[in-house]
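Note that the structure is a prediction, hence the values are computed from the model and not measured.
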Amino acid sequence: MDLQEVWKRVESEKLTRPVLGTVEVRKRSNHPVAKLKRAYLLSIGFALIFLIGFVVLLFSFEQPLIRGSLILVIAGYAFFLVVNTSMYRKINVDLPIDQSLRSALTHTYTFISENIRFQEHVALFIYPVAATAGFLMGLASGGDVDALIQKRVILLILLGLIAILTPLSFYLARWMYKVSYGRCLKEIKQLIDELNNPA
């Protein structure tokens, strides 16, 4: 039997014969880079929702101190929204299937890890402002914020609140980054290790 003739016949049948049954099309890839991109899209959505919420709060209070602190929080969320959108666009899910696959995965792993560290450090400046904004909004229900904030006991409570909430928020954010991106980064690292040390 001539193998070339068999091959030609198979190829011609594939072109002319209709496909029977259904073809499963996977809409969502389980590749760690694709999952990472979806995680960034989710974080963009959450940042947008919180940003809208803080803008609504901004117009709900007239006190300058509250508005000033809310403007700073809004600026922080707008910054994170821009950063996450930029990162989302930079993640390339069309990875090459050749020697450059390892360098593409390494690049993705490195710049995502560095971006997470960068966001963690920038957020350290946002947490005290967010705690202050929340505290001042709570004070607004008790009367004149400008008068209340001048009392020593109120200032001490505010400083204590900032001292407690800032590290708590930092570790909570770190845990959230680990939940959102950690597994994907771990899988990418395993792929890189496999490409570096093929069995």
Scanning both residues in full, the closest heavy-atom pair of Val145 with Leu65 reads CG1-CD1, 4.2 Å
Chi angles and distances behind the side chain to side chain donor-acceptor pair (under 3.5 Å) call for Asp144, Gln63
CA-CA 8 Å; Asp144 182 19; Gln63 295 89 341; over 6 Å; no
All heavy atoms of Ala133 vs all of Leu70, minimum pair found to be CB-CD2, 4.3 Å
Check: Tyr77 ring centre within less than 6.0 Å of Phe54 ring centre: yes
For Phe61, does the CZ atom sit with more than 12 other heavy atoms under 6.0 Å from it, leaving out its own atoms? yes
Nearest heavy-atom approach of Leu158 to Ile149 is CD2-CD1, 4.0 Å
**Message:** Determine whether a donor-acceptor pair (N or O, by modelled atom type, separation under 3.5 Å) exists between the side chain of Thr110 and the backbone of His107.
**Reply:** no
message = For Arg67, is there an ion pair with Glu62 - N to carboxylate O distance below 4.0 angstrom?
response = no
Any side-chain heavy atom of Phe79 within less than 4.5 Å of one from Ile126? no
Exercise for the section: Could you please spell out the steps behind the side chain to side chain donor-acceptor pair (under 3.5 Å) verdict for Asp146 and Gln150? Expected result: CA-CA 7 Å; Asp146 293 332; Gln150 291 178 18; over 6 Å; no
Any side-chain to backbone donor/acceptor pair from Thr166 onto Ala163? Under 3.5 Å, distance only. no
Quick check: is Tyr171 connected to Tyr177 through a chain of hydrophobic side chains (ILVMFWY, heavy atoms under 4.5 Å apart)? no
Beyond-backbone contact of Glu187 with His31, side-chain heavy atoms, under 4.5 angstrom = no
Verify same cluster id: Leu165, Leu159 (apolar side-chain graph, 4.5 Å)
no
Given the options Gln190, Lys189, Arg183, Lys186 meets side-chain contact (heavy atoms from CB on, under 4.5 Å) only with Gln190
OG of Ser169 to CD1 of Ile164, rounded to nearest 0.5 Å, is 11.0 Å
Step through the shown structure and confirm whether more than 12 heavy atoms of other residues, nucleotides or ligands are within 6.0 Å of CZ on Phe125.
no
Minimal heavy-atom distance between Ile44 and Thr85, with the atoms involved, is CD1-CA, 3.6 Å
**Q.** Side-chain heavy-atom pair Ile188, Thr106 within 4.5 angstrom cut-off
**A.** no
Closest heavy-atom pair, Val73 versus Ala130, reported as atoms and distance to 0.1 Å, is CG2-CA, 3.7 Å
- Query: Do the non-hydrogen side-chain atoms of Ile49 and Ile52 ever get within less than 4.5 Å of each other?
  - Reply: no
Within the structure provided, determine whether Ser43 and Tyr88 are in side-chain contact (heavy-atom separation under 4.5 Å).
no
Take atom CZ of Phe50 as the centre, draw a 6.0 Å sphere, and report whether it contains more than 12 heavy atoms from other residues, nucleotides or ligands. no
Original post:
Are the side chain of Lys37 and the backbone of Ile91 linked by a donor-acceptor contact shorter than 3.5 Å?
Top reply: yes
Residues Ala78 and Leu51: closest non-hydrogen pair is N-CD1, 3.9 Å
Original post:
Would you say Arg102 and Asn196 make side-chain contact, with heavy atoms under 4.5 Å?
Top reply: yes
Pairwise side-chain contact, Pro32 with Leu191, heavy-atom cut-off 4.5 Å (strictly under):
yes
Interatomic distance, CD1@Ile192 vs CG@Leu185, rounded to 0.5 Å, equals 9.0 Å
**Prompt:** Is any side-chain heavy atom of Phe135 closer than 4.5 Å to a side-chain heavy atom of Ile162?
**Reply:** no
So CZ of Arg117 and CZ of Arg174: to nearest 0.5 Å the spacing works out to 9.5 Å
| Under 4.5 Å between side-chain heavy atoms, hopping through other hydrophobics if needed: is there a path connecting Tyr181 to Leu105? | yes
**Prompt:** With hydrophobic residues grouped by side-chain heavy-atom distances under 4.5 Å, do Leu72 and Phe59 end up in a single group?
**Reply:** yes
Cluster link Val33 to Leu41, ILVMFWY, side chain under 4.5 Å:
yes
**Prompt:** So, Ser113 side chain and Tyr109 main chain: donor-acceptor pair closer than 3.5 Å or not?
**Reply:** yes
Rounded to the nearest 0.5 Å, the CG atom of Asn115 sits from the CZ atom of Phe111 at a distance of 8.0 Å
